[in-house]
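Have a look at the structure below, then the notes.
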Amino acid sequence: MKKSTKRVLAMCLTCLVLLGGMFFPVTKSAQATDVITVGTYAEFPPFEYIGDDGEPDGFDIAVIEAIGEVEGFEVEIINMEFKSLIASLSTGSLDAVIAGMTVTDERKQSVDFSDSYYTATQYIVVAKDSDITSLADLNGKKIAVQEGTTGDLLCTPGEDNDVITDENTEVMRFKKGTDAVVSLNNGGVDAVVIDKNPAENFVANNSDKLKLIKDDTSTEEYAIAVAKGDTELLDKINSGLAKIKEDGTFDKLVAEYIEGAEDVETETSGNVIQQFINNLKYVFIDTNGYQLMAKGLGVTIGISFCAGILGIALGFVLALMKLTETRKKRKTVWSRIAGAYIDIIRGTPAMVQLLIMFMVIFRSQYAYIAAILSFGINSGAYVAENIRAGILAVDVGQMEGGRSLGFTYGETMRYIILPQAIKNVIPALGNEMITLVKETSIVGYVAIVDLTKAGDFIVSRTYQAFLPLIAVAIVYYIIVKIMTRILAAIERRLRQSDNR
Ligand code: ARG
């Protein structure tokens with residue numbers, strides 16, 4: 001075997017081992033048996049929301065932890081979209097779900113429910129001056145709901161809906177209840193239909209703009225869900241629930257989380273500038289928005305950096321693999337592998353790759369590793385083509401010159417071609433790294449709180465969209481600006497010896 005081939009092989013092997021090492025901890029056995037993973041969707045105050053530390057908090061979280069305490073298991077909370085919760089129970093990536101989830105016949109087909117722990121009903125939130133007074137008044141109006149919830153069912157005209165019968169009723173489905181409220185605040189919809197306690201919470205936080213219409217016609221029961229047939233866990237949960245009701249813990253939590261929820265005062269006095277400054281203070285300082293953003297920024301930079309390094313390493317190897325084809329003037333095993341890799345990765349959306357990596361391969365664990373791997377692998381495909389183009393752009397005469405001086409192919413590559421290729425590659429590589437930073441903004445989908453997700457949380461907590469989102473955009477812009485500067489400096493440095 002030639003020396004150069006050996007080197008490529010060694011590099012591939014190292015990469016494989018590295019990747020393998022990262023995959024290894026996925027095996028469940030690494031986890032203690034008495035930890036149960038509990039899914040929730042922390043956008044439902046006071047039952048679940050994101051606390052000041054960026055972690056899920058709320059009544060439901062406290063209840064399941066209390067149950068765990070009396071039953072002797074530990075709880076790991078996983079925050080994911082409401083719609084995915086039931087599916088994740090069925091696939092086994094969650095052991096239980098506590099999410100203010102109503103027991104419905106339809107859901108009972110897929111999961112088993114514990115005893116009920118709370119009785120709720122759907123309330124209507126409207127603007128202060130609205131003339132809507134009941135559910136029936138919503139006919140023909142524009143209603144915002146949280147997607148896939150009982151409020152959604154209640155408002156969607158259909159066969160067994162005898163309240164909302166007007167087919168022209170427009171239902172806007174938001175992932176988060178808070179987004180529905182933001183849209184009501186902005187005048188985009190006429191009403192929000194959502195469970196009683198979140199409705200009260202939303203109105204309390206926007207008491208200058210919104211009012212509550214209590215329609216007690218539709219009561220529903222909240223319960224904890226487990227996978228169908230998991231009677232062992234269900235029994236534990238029911239027995240734990242009974243115990244904490246018995247010993248007063250449950251009532252204490254109700255008092256603390258549900259009855260004790262206080263109103264937030266928003267300043268409305270002063271002139272426009274004063275109001276703006278107050279608002280700025282409210283969004284970023286009083287509600288700890290800046291802390292969330294700073295944390296998120298760290299995550300964005302961390303993931304981008306690691307994925308970037310991985311992408312460049314993979315890209316380099318893939319480029320060399322693909323170049324074997326140019327050299328041999330026919331397809332090789334290496335070039336076929338690299339070609340297929342690039343083809344598949346470029347042919348599928350990064351978002352889907354991320355979801356496959358996290359949910360299928362990593363089974364909803366090790367989100368950070370899954371994200372870094374996914375983005376690194378994705379970036380590698382693009383970097384590979386950049387590097388290959390950069391190498392091919394070096395004049396053939398350079399290779400011929402090197403070889404006629406007695407260098408091997410590998411040596412010529414290393415000492416003559418690559419140093420020149422780097423200059424060609426830097427601008428495209430920089431482009432790719434900039435894209436990567438912005439692309440990581442989708443990691444929120446796998447429950448990672450990056451810069452974008454942090455902005456999203458601030459929107460949820462403050463019911464304001466403008467300031468948090470603009471702030472997030474500005475921070476991304478600054479990161480990219482800094483990267484552009486650094487790249488320009490590197491390029492200038494590399495071109496110092498050029499006489500063009
Ligand atoms: N109770 C309603 C339902 O089961 C809404 C629950 C929403 N929960 C949440 N954590 N966002 O459909």
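First listed ligand is number 1; within each ligand, the first listed atom is number 1.
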Checklist outcome for this item: In this structure, atom 1 (N) of ligand 1 is nearest to the protein heavy atom Asp195 OD2, 2.6 Å
Checklist entry - Is the Tyr41 ring parallel, tilted or perpendicular to the Phe82 ring (thresholds 30°, 60°)? => result tilted
Checklist entry - If you count the atoms of ligand 1 from 1 in the order shown, which ones are under 4.0 Å from a heavy atom of Thr149? => result 5 (C), 12 (O)
Checklist entry - Does the salt bridge (Lys or Arg N to Asp or Glu O under 4.0 Å) test come out yes or no for Glu71 and Lys243, once each step is laid out? => result CA-CA 9 Å; Glu71 289 298 315; Lys243 280 186 206 155; 2.8 Å; yes
Checklist entry - With Asp152, which residues qualify under salt bridge (charged side-chain N to carboxylate O under 4.0 Å, His left out), at least two apart? => result Arg173
Next on the checklist: Please work out, at 4.0 Å between heavy atoms, whether the side chain, the backbone, both, or neither of Arg107 comes within that distance of ligand 1.
Outcome noted: side chain
Checklist entry - Near Met101, which atoms of ligand 1 are under 4.0 Å from a heavy atom of that residue? => result 4 (O)
Next on the checklist: Geometry only, no angles: is Tyr41 polar-contacting ligand 1 at N/O separations under 3.5 Å?
Outcome noted: yes
Checklist entry - Hey, does Tyr222 sit under 4.0 Å from ligand 1 if you only count heavy atoms? => result yes
Checklist outcome for this item: In terms of its nearest heavy atom to atom 8 (N) of ligand 1, the top option of Ala99, Gly58, Gly100, Pro56 is Ala99
Checklist entry - Considering Thr150, Ile194, Asp60, which one's heavy-atom position lies nearest to atom 3 (C) of ligand 1? => result Thr150
Checklist entry - According to the interplanar angle, ranging from 0 to 90°, do the rings of Tyr117 and Phe59 count as parallel (below 30°), tilted (30 to 60°) or perpendicular (above 60°)? => result tilted
Item to check | Lys176, portion touching ligand 1 at heavy-atom distance under 4.0 Å | outcome: neither
Next on the checklist: Checking a contact table here: which protein heavy atom is nearest atom 11 (N) of ligand 1, and how many Å away?
Outcome noted: Gln146 NE2, 3.2 Å
Checklist entry - Does the side chain of Met293 come within less than 4.5 Å of Phe284's, by heavy atoms? => result yes
Item to check | Exercise: do Asp137 and Thr133 side chains pair donor with acceptor under 3.5 Å | outcome: yes
Item to check | Closest contact, heavy atoms only, Tyr123 versus Ala199 | outcome: CB-CB, 3.8 Å
Checklist entry - For ligand 1, does Phe44 get within less than 4.0 Å through its side chain, its backbone, both, or neither, judged by non-hydrogen atoms? => result side chain
